[in-house]
Amino acid sequence: MAENQRPEGAAAPAAPSTNPLQVALQQLDNVAQRIDLSQASYERLRHPKRVITVGIPTEMDDGSLQVFTGYRVHHSLERGPAKGGIRYHPGVTLDEVTALAMWMTWKCSLVDIPYGGAKGGVICDPKRMSVNEVERMTRRLTSELMIILGPDQDIPAPDVNTNAQTMAWIMDTYSMNVGHSVPSVVTGKPLAIGGSRGREEATGRGCVCTIMEAAKHLNLPLEGARVAVQGFGNVGRIAAQILQTEGATVVAVSDSSGGIYNPGGLDVDRVAEHKREAGQVAGFPGSDNVTNSELLELECDVLVPAALENQITRDNAGSVKAKIVAEGANGPTTPEADQVLADRGVLLLPDILANAGGVTVSYFEWVQGLSEFFWSETEVNQRLHEIMCRTFAQVLEVSLREKVDMRLAAYMLAVARVAEASEIRGLYP
Ligand code: NAD
């Protein structure tokens, strides 16, 4: 596709959007022009393969019935079965889930694991639900999705507000329905039912691998580097803990109720303990409270947005002080903000690279389950490290060679691989 020529069907440049699907499509447009993507591949990749909307009737503890809405989107299955997390959040929309499914396609392709991209979401507020209500909702969701789930078809994993227990309920419901245990229908399971060692830490650990490689590239010693992390969940907390172990100074962390800051460094393990007891990081002794938006603009060397989308926008990108931004979350930076950061020389490690450790170890978990042979944690971490470093080097090489930012470089590699698979398979019928 010639440069400057807008792909057929692509939207005209419009006001900056924070709609994740608009962002994802704009990213695809940008890369389509750079890699000479054929019009046919472009059209196919703009559209999800399959979208399912389900009503999830759930009995609440008071005996009333509530029908939650859930989505599962398969974006592309050209390279293998559908892979992607399921999130529970009041703000879930179909556009968000579709964008996340598309990002999963690119992410699996970038780290070169044999999956297509999928994502699921349920509009609900699990913080206002009891454990039993969440379990009943999860089991009903699973039976509504039974027609597309399976270890060769669609393999969910945890995402925002879902965890290993959620995966155990999905695995159990699926297994009950087919009459035998099928551990490989989900990843991110507890160890007791076929989970992988190292899976829980994998996204944070993989993110740190890319930060370490980026720091090496910039000649920035990680020892003493100041780090701010937005989001203190599975990704953010683990990344903060590992970065601290590697010698970095974690100056700020946050969760949905706000953030804490200490320029001299926070003891991340003690913050985690405080959060377990108090339910939030705010109020941690010896720290100042900051808002989530203030955290993004703090004096630091490395910023890890590890919460939700659209946190770094054209309005605040100019105030980001970090030299490295590692996207632990999916889609935390808008395309306009990308441009501002690139112009200011900030090295941005895009989500499909920086948080690909989770799906990589999910893949290891699936492989271990299918072969019924389990690896040591050292082996898992070693293989993860290899894949993350190899992928970082490939993306950096394209970025330097083509003089593009790391996101575009990652997309150029990832989209080209998916398009190649699609073209080799051809069009059915
Ligand atoms: P999580 O539920 O474990 O943690 C999310 C954290 O973000 C929590 O600390 C929560 O309080 C905080 N948060 C929520 N809303 C916020 C807001 N408005 N401002 C600031 N903080 C807020 O979820 P997670 O698994 O850590 O996922 C975080 C991000 O990482 C998501 O974008 C997810 O898609 C992405 N991700 C997760 C994985 C994984 O393996 N868990 C893999 C790849 C990408």
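None of these values were measured; they are calculated from a predicted model. Both ligands and their constituent atoms are indexed starting at 1 by order of listing. Heads up: numbering here begins at 1 and tracks the sequence. Values below: every heavy atom of this structure, side chains too, minus hydrogens, waters and symmetry copies.
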Worksheet item: Can you tell which of Thr360, Thr291, Asn292 gets a heavy atom nearest to atom 19 (N) of ligand 1?
Response: Asn292
Worksheet entry | Contact check: Pro158 vs ligand 1, nitrogen or oxygen atoms, below 3.5 angstrom | no
Discussion item. For ligand 1 and Lys275, I'd like to know whether there is a polar contact (N/O to N/O, distance under 3.5 Å).
Written reply: no
Worksheet item: In terms of side-chain geometry, is the basic nitrogen of Lys216 or Glu213 positioned less than 4.0 Å from the acidic oxygen of its partner?
Response: yes
Worksheet item: With a cut-off of 6.0 Å (strictly less than), are more than 12 heavy atoms of other residues, nucleotides or ligands near CZ of Arg197?
Response: no
Response to the item:
protein heavy-atom neighbour closest to atom 3 (O) of ligand 1 works out as Asn234 N, 2.9 Å
Worksheet item: Polar-atom distance check: Ser254 versus ligand 1, any N or O pair below 3.5 Å?
Response: no
Item to complete: For atom 31 (C) of ligand 1, find the nearest protein heavy atom and state the residue, atom name and distance (0.1 Å precision).
Response: Ala307 O, 3.2 Å
Worksheet item: Do Gln26 and Asn30 have side-chain atoms, one donor and one acceptor, less than 3.5 Å apart?
Response: no
Worksheet, complete the sentence: of all protein heavy atoms, closest to atom 23 (O) of ligand 1 is Val160 CA, 3.8 Å
Worksheet, complete the sentence: ligand 1 atoms nearer than 4.0 angstrom to some heavy atom of Asp255 are 9 (O), 11 (O), 20 (C), 21 (N), 22 (C)
Item to complete: Select one of side chain, backbone, both or neither to describe which atoms of Glu201 lie under 4.0 Å from any atom of ligand 1, heavy atoms only.
Response: neither
Practice prompt. Taking only Lys NZ, Arg NE, NH1 and NH2, and the carboxylate oxygens of Asp or Glu, determine whether Asp172 and Lys189 approach each other closer than 4.0 Å.
Written response: no
Worksheet item: Are side-chain N/O atoms of Gln241 and Asp269 paired as donor and acceptor at under 3.5 Å?
Response: yes
Worksheet item: Just one of Val359, Val235, Thr360, Val208 clears the side chain to side chain contact (heavy atoms under 4.5 Å, CB included) bar with Thr203, so which one?
Response: Val235
Worksheet item: How far is atom 33 (C) of ligand 1 from its nearest protein heavy atom, and which residue and atom name does that atom have?
Response: Asp159 OD1, 3.4 Å
Practice prompt. Name all pairs fulfilling the side chain to side chain donor-acceptor pair (under 3.5 Å) condition that reach into residues 148-160, sequence neighbours left out, sorted by first residue then second.
Written response: Arg72-Asp154, His74-Asp154, Arg87-Asp159, Lys119-Asp159
Worksheet item: Going by atom types only, do Arg46 and Tyr42 share a side-chain donor-acceptor pair under 3.5 Å?
Response: yes
Worksheet item: Would you say Gln280 contacts ligand 1, with heavy atoms under 4.0 Å as the rule?
Response: no
Worksheet item: Leu348 pairs by side chain to side chain contact (heavy atoms under 4.5 Å, CB included) with which of Leu303, Leu353, Thr333, Ile312?
Response: Thr333
Item to complete: Flag yes if more than 12 heavy atoms outside Glu420 fall under 6.0 Å of its CD atom; otherwise flag no.
Response: no
Worksheet, complete the sentence: Going by the 4.0 angstrom heavy-atom rule, the piece of Thr203 near ligand 1 is side chain
Worksheet item: Which ligand 1 atoms, with their elements, are less than 4.0 angstrom from a heavy-atom of Arg87?
Response: 31 (C), 32 (O), 33 (C), 34 (O)
Worksheet item: Considering all heavy atoms of both residues, which atom of Pro156 and which atom of Ile86 are nearest to each other, and what is their separation?
Response: CB-CD1, 3.8 Å
Fill in: Point-to-point distance, once rounded to the nearest 0.5 Å, from CE of Met212 to CZ of Phe392
12.0 Å
Practice prompt. Check ligand 1 against Ala329 and write out every atom of the ligand that is under 4.0 Å from a heavy-atom position of the residue.
Written response: 29 (C), 30 (O), 32 (O), 35 (C)
Item to complete: May I ask you to check whether Asn330 has an N/O atom sitting below 3.5 Å from an N/O atom of ligand 1?
Response: yes
Discussion item. Any heavy atom of Met104 closer to ligand 1 than 4.0 angstrom?
Written reply: no
Item to complete: Report yes if Val235 has an N/O atom closer than 3.5 Å to an N/O atom of ligand 1; otherwise report no.
Response: yes
Worksheet entry | Gap between atom SG of Cys209 and atom CZ of Arg390 - 0.5 Å precision | 12.5 Å
Discussion item. Please list, in number order, the atoms of ligand 1 under 4.0 Å from a heavy atom of Ser256.
Written reply: 10 (C), 11 (O), 12 (C), 13 (N), 14 (C), 15 (N), 16 (C), 21 (N), 22 (C)
Item to complete: From atom 1 (P) of ligand 1, work out which of Gly233, Pro126, Ala306 has a heavy atom at the shortest distance.
Response: Gly233
Worksheet item: How far is atom 15 (N) of ligand 1 from its nearest protein heavy atom, and which residue and atom is that?
Response: Leu308 CD1, 3.5 Å
Item to complete: Return a yes/no value for Asn161: is any of its N or O atoms, backbone included, closer than 3.5 angstrom to an N or O of ligand 1?
Response: yes
Worksheet item: Do any N/O atoms on Lys107 end up under 3.5 angstrom from N/O atoms on ligand 1?
Response: no
Worksheet entry | Polar proximity ligand 1 side, Phe232 side, N/O cut 3.5 Å exclusive | yes
Worksheet item: What closest approach, in Å, do Trp366 and Pro151 show between heavy atoms, and which atom pair accounts for it?
Response: NE1-O, 3.0 Å
